[in-house]
Amino acid sequence: MSDYDFEAIETRWQKRWHDEGTFEVREDASRPKFYCLEMLPYPSGDIHVGHVRNYCITDVVSRVKRMQGFNVLHPIGWDALGLPAENAAIKRGTHPETWTRSNIASMKQQLQRMGFSYPWSREIATCDADYYHWNQWTFLRMLERGIAYRQKAPVNWCPSCQTVLANEQAEGGICWRCKSAIQEREMDQWFLRITNYQDELLDDMNGLTEWPERVLVQQKNWIGRSPGAHVDFAVAGEKEPIRVFTTRVDTICGATFLLLAPEHPRVEALMASVAGDEARAAVARLHRQDRRARLAGQVEKEGVFTGRHAVNPFNGERIPIWVGNFVLMGYGTGAIMSVPAHDQRDFEFARKYDLNVRVVIQPDGPALSGDTLTECYSGPGKLVNSGEWNGLDWEAAKDKMAAHAEAKGFGKATVTYRLKDWLISRQRYWGTPIPVVYCDKCGVKGVPDSELPIKLPPDAPFTGEGGNPLEKVESFVKAKCPSCGGPARRETDTMDTFVDSSWYFYRYCSPKYAGGPFDPKAVAHWFPIDLYVGGIEHAILHLIYSRFWTKVLRDLGLVKDAEPVTRLFPQGMVHWKGEVMSKSKGNTIAPDDVNARYGADTLRLYVLFAAPPEMSLEWSEEGIEGPHRFLLRLVRLVGRHADVLRPLAGQPMPAELSAAARDLRRRTHQAIAKISEDVSERLQLNTAVAALMKLSNEIHAAEPALQDDPAGRFALREAVVTLVQLLNPFAPHVTEELWEKLQPAGTGPLVDTRWPVADAAVAREETVELAVQVNGKVRARISVAAGTAEEAIRAAALAEPKVVEQIAGKEIVKVVVVPGRLVSVVVK
RNA sequence: GCCGGAGUGGCGGAAUGGCAGACGCGGGGGCCUUAAAAGCCCCGGGGUCGCAAGGCCCGUGUGGGUUCGAGUCCCACCUCCGGCACCA
């Protein structure tokens, strides 16, 4: 402890960085730029080890890039609007803003205690009116272009959060935040037309070559592009046909019934004249079935015959119309043609209700029969039982039959998507007010830009009862119509907080800019984001919304890139006691506690060292001792030699060095090469830390031989100084302290030095040890000078006594020499 | 079911097709100490032979294959983790 007073050291350097604005940054066109970003945290109250892990990765990369001469932007801010603040306000009788600001203050302190290299003057909080002003401004641009629109639609209502949610936030019928079961409600809501960009969102993924496959796959699944066709089936006795969507028009002659979703708008009218009360009651029951279970496919397939029939336009066949509980109104047209022979769901339904099964796709091999099938056949084949289409290959038939339908006017090739427009209305206070008013005469009107920002009124009542607090603030609700000047009612819905995080990374480029969401010149300098590190849980939420938002900004002419992020790196979760560490699980470790015992430098090293950054990390109290001991050893090493090594600064390396000194120099330069590559190419920070520890071990091993050798001391100094420098991005405080001891007075701080470059000539091995294998087994080792010719290596290997013994009396079939690696002798 | 990713010492984890287990934790032994802690040094996959030095055999989930050589590449399978899943 007396050797290494980490608390004093860390406090001292943090203060200095703060006072001197060390990490403040401005655009500098003379240097290559590097935008290194982490996902901004929600100010829940405390930083936990998961955050620390995320930010340590970006901090090391930022610091290394900075030392390598890059103009680095590595900012931080707060995703500060959202429900927890409002819930806390209701529970404790405070204001959401009070709660949020105090959380930000304490989390900021915790981040500063970690020594992260943020330019704090660029800090943003999305609850600042200066920030959400630009949510409103961009919304108005979207409104002008029809990207933002208001519509009555069945929406996801979370009864516990008392608000609606977007589809992405209600996956599987469960609220993403509180896990409550979602209810369906018919409501007038604001949407953003993300579906305008669905193809572009999909196609541009081809350019995202530095995004992990699994994120792209998730986004692809979510967008769910599905090429197929619409076909209209005439209904006997009705004018209006029923439109179905299918991906398998080729099987249409095998359609033996139609199925409608229980919510389908035609169901009631179709059944009115023919069906009995019993059938109507059955449909009502299907309708009422638990929506979540139905969505998740956990309900047995059930159906009701409507009593009506439709006509297949391809073969004129009259087929029954049923209602089926597994047909979803939210996808396609809410009506399907059932082809039980070639679709497993239809097959199960047909068998249950004893409906006709007709094979229309016949693969090579014995003829299939609808009567004997035990499951559907969904593979390739040729068309049968399909009249004029018989004999066509199924793939070709899809195109031809869709074209036929279009020519005859009863259908069309079409593409259906799973992606729905982004519902951004929230019936809560602590979000961005949607900048529109309702006028009895003029209708829905966007407020003029000059009235922005529409600020949240500070005096709203947080009772937890009776809906959105904004509705109760008369001064807020009462507005003037921008068109006619008459009285109007202000919108009280606020925006989804994912709006805030969809573009915050642009704001960092010019956080105080008042002329727009950001200064286009600053964005042009910094964008695209070179490295974005965060949790994988945002794969289809934040990461798809922000891609969308960027494309809108591009269409507004504000940015030039269609994609914001070049390299996406989802870091692994932190686990503790077998569970993901998270505030909701209540199993978090507070970094401050660890800092108090070991210091921030140790904690930083530990989270980086314990696992590769993309893998999950199991927190362990024992493992942290290793990095701590490593730092202690280094502090003592420098303490022993600083006075002797300091005067050597600036003097040239002696030409004549002992073998031990050359060896240490070699290892030093190998470490430079290894660590540089691990950090900037592979992001393998765990092996970079291992290499730092290894160099430290090597220095300690060489110490006795070199400390009393006047020339050797130069190699020792080079190794120690280099280790301190290479370690700086990982353990920035203690290394500054050691740097000060090692350098003459007046030398600037370590953080401003240039990252070392490995000298390949010094790093090269003088002699190499090669393994000699005989028939694949290592039987001997030989030591040869580096660069020895293959022929000489071969001779040396074959002369080795152990090898001679192994190959005695056998024929040498082959000798493979891999320079620098091994010799492989094959005998028989 | 479909799509990803992963299976390596007691543990976390290393290894451009080339000496498996870097680095660290825990463990064992020794030095230092009156003693302990800390620190320092050494050992450390399993089996087997040997007093020892050392030798031999087996070993990266399982079974095959390619190769002079496979943790790494190919095929089949098992297990675990993540994502999607009645999307027509």
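FYI, side chains are in, hydrogens and waters are out, and symmetry mates aren't considered; it's all heavy atoms of this structure. Naming: A, B, ... by sequence-line order, numbering from 1 per chain. This one's a predicted model, so the numbers in the text were calculated from it and none came from an experiment.
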[N] pairs with, by Watson-Crick or G-U criteria that keep both distances under 3.5 Å:
N: B:rA38; answer: none
N: B:rC84; answer: B:rG1
N: B:rG18; answer: B:rC68
N: B:rC77; answer: B:rG61

If you check every side-chain atom of [X], which of [options] has the closest atom?
X: A:Met693; options: B:rG13, B:rC23, B:rG18; answer: B:rC23
X: A:Thr247; options: B:rG13, B:rC25, B:rA88; answer: B:rA88
X: A:Arg633; options: B:rC40, B:rC25, B:rA88; answer: B:rC40
X: A:Arg636; options: B:rC3, B:rG12, B:rG39; answer: B:rG39
X: A:Asn697; options: B:rA22, B:rA88, B:rG24; answer: B:rG24

Would you check if the distance from the ring center of A:Trp619 to the ring center of A:Tyr606 is below 6.0 Å? yes

Does the ring center of A:Phe314 lie less than 6.0 Å from the ring center of A:Phe410?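 A:Phe314 vs A:Phe410: aromatic centres under 6.0 Å.
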
Residues within residues 667-686 of chain A bordering RNA chain B, heavy-atom distance below 4.0 Å: A:Arg682, A:Asn686

If we take the [atom1] atom in both [N] and [M], what is their distance in whole Å?
N: B:rG63; M: B:rA15; atom1: C1'; value: 25 Å
N: B:rU48; M: B:rC43; atom1: P; value: 23 Å
N: B:rC77; M: B:rG24; atom1: C1'; value: 35 Å
N: B:rG83; M: B:rG29; atom1: P; value: 46 Å
N: B:rA52; M: B:rG13; atom1: P; value: 37 Å
N: B:rG61; M: B:rC11; atom1: P; value: 13 Å
N: B:rC81; M: B:rG12; atom1: P; value: 15 Å
N: B:rC56; M: B:rU8; atom1: P; value: 29 Å

Looking only at heavy atoms, which two atoms of A:Pro340 and A:Asn356 are closest? And how far apart? CG-O, 3.4 Å

Closest heavy-atom contact between A:Val249 and A:Met401? O-CE, 3.7 Å

Rounded to whole Å, how long is the line connecting atom [atom1] of [X] with atom [atom2] of [N]?
X: A:Leu634; N: B:rC23; atom1: CG; atom2: P; value: 17 Å
X: A:Leu608; N: B:rC23; atom1: CG; atom2: C1'; value: 14 Å
X: A:Met329; N: B:rA88; atom1: CE; atom2: C1'; value: 13 Å
X: A:Ile624; N: B:rC23; atom1: CD1; atom2: C1'; value: 16 Å
X: A:Lys694; N: B:rG24; atom1: NZ; atom2: P; value: 10 Å
X: A:Glu213; N: B:rG4; atom1: CD; atom2: P; value: 8 Å
X: A:Glu618; N: B:rG24; atom1: CD; atom2: C1'; value: 16 Å
X: A:Phe349; N: B:rA88; atom1: CZ; atom2: P; value: 18 Å

With the 90 degree cut-off around zero defining syn, does B:rG24 come out syn or anti? anti

Looking at every strand, decide which applies to [X] at a 4.0 Å heavy-atom threshold: base, sugar-phosphate, or nothing.
X: A:Pro212; value: nothing
X: A:Val217; value: sugar-phosphate
X: A:Glu348; value: nothing
X: A:Ser616; value: sugar-phosphate

What nitrogen or oxygen pairs link the protein and nucleotides 65-71 of chain B at under 3.5 Å?
unit_1 : atom_1 : unit_2   : atom_2 : d
B:rC68 : OP1    : A:Lys814 : NZ     : 3.1
B:rC68 : O2     : A:Ser824 : OG     : 2.8

Between the protein and nucleotides 80-84 of chain B, which nitrogen or oxygen pairs are less than 3.5 angstrom apart?
unit_1 : atom_1 : unit_2   : atom_2 : d
B:rC84 : OP1    : A:Glu171 : OE1    : 2.8
B:rC84 : OP1    : A:Glu171 : OE2    : 2.8

Would you say A:Thr687 places a side-chain N or O within less than 4.0 Å of OP1 or OP2 belonging to B:rA22?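 Negative; the distance criterion is not met.
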
Can you check whether A:Arg821 has a side-chain N or O nearer than 4.0 Å to OP1 or OP2 of B:rG17?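 Answer is no, no contact under 4.0 Å.
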
Within a strict 4.5 Å, meaning less than it, do heavy atoms of the A:Pro212 and A:Leu568 side chains meet?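 SC-SC contact between A:Pro212 and A:Leu568 confirmed.
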
Whether the [X] and [Y] side chains hold a donor-acceptor pair (N or O, under 3.5 Å, no angle test) is what I'd like checked.
X: A:Gln707; Y: A:Arg640; result: no
X: A:Ser338; Y: A:Asp346; result: yes
X: A:Arg418; Y: A:Asn221; result: no

Residues forming a ring pair (Phe, Tyr, Trp, His ring centres under 6.0 Å) with A:Phe349, sequence neighbours excluded: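 A:Phe349 satisfies ring pair (Phe, Tyr, Trp, His ring centres under 6.0 Å) with A:Phe257, A:Trp322, A:Phe326, A:Tyr353 only.
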
Less than 6.0 angstrom from the centroid, inside 45 degrees of the normal: does A:Lys420 satisfy that with respect to the ring of A:Trp422? no

Side chain to side chain donor-acceptor pair (under 3.5 Å) with A:Glu348: of A:Gln344, A:Arg351, A:Lys352, only one passes, and it is A:Gln344

Run the side chain to side chain donor-acceptor pair (under 3.5 Å) test on A:Glu765 and A:Gln670 for me, step by step, so that the C-alpha distance in whole Å, both residues' side-chain angles and the decisive distance to 0.1 Å come before the verdict. CA-CA 10 Å; A:Glu765 296 285 349; A:Gln670 286 173 350; 2.9 Å; yes

For the CD atom of A:Glu769 and the CG atom of A:Leu822, what is their distance to the nearest 0.5 Å? 12.0 Å

Would you compute the distance between atom OG1 of A:Thr414 and atom NE2 of A:His230 and round it to the nearest 0.5 angstrom? 4.5 Å

With sequence neighbours left out, what residues match A:Arg567 under salt bridge (charged side-chain N to carboxylate O under 4.0 Å, His left out)? none

So does A:Pro380 get a backbone contact from the side chain of A:Tyr377, meaning a donor-acceptor N/O pair under 3.5 Å? yes

By nearest heavy atom, map A:Arg629 and A:Val818 onto RNA chain B; which one lands nearer the 5' end? A:Val818

Please list, pair by pair, any protein nitrogen or oxygen found under 3.5 Å from a nitrogen or oxygen in nucleotides 53-58 of chain B.
unit_1 : atom_1 : unit_2   : atom_2 : d
B:rC56 : OP1    : A:Arg779 : NH1    : 3.0

Show the numbers, then the answer: is there a side chain to side chain donor-acceptor pair (under 3.5 Å) between A:Glu703 and A:His641? CA-CA 10 Å; A:Glu703 185 184 4; A:His641 300 295; 2.7 Å; yes

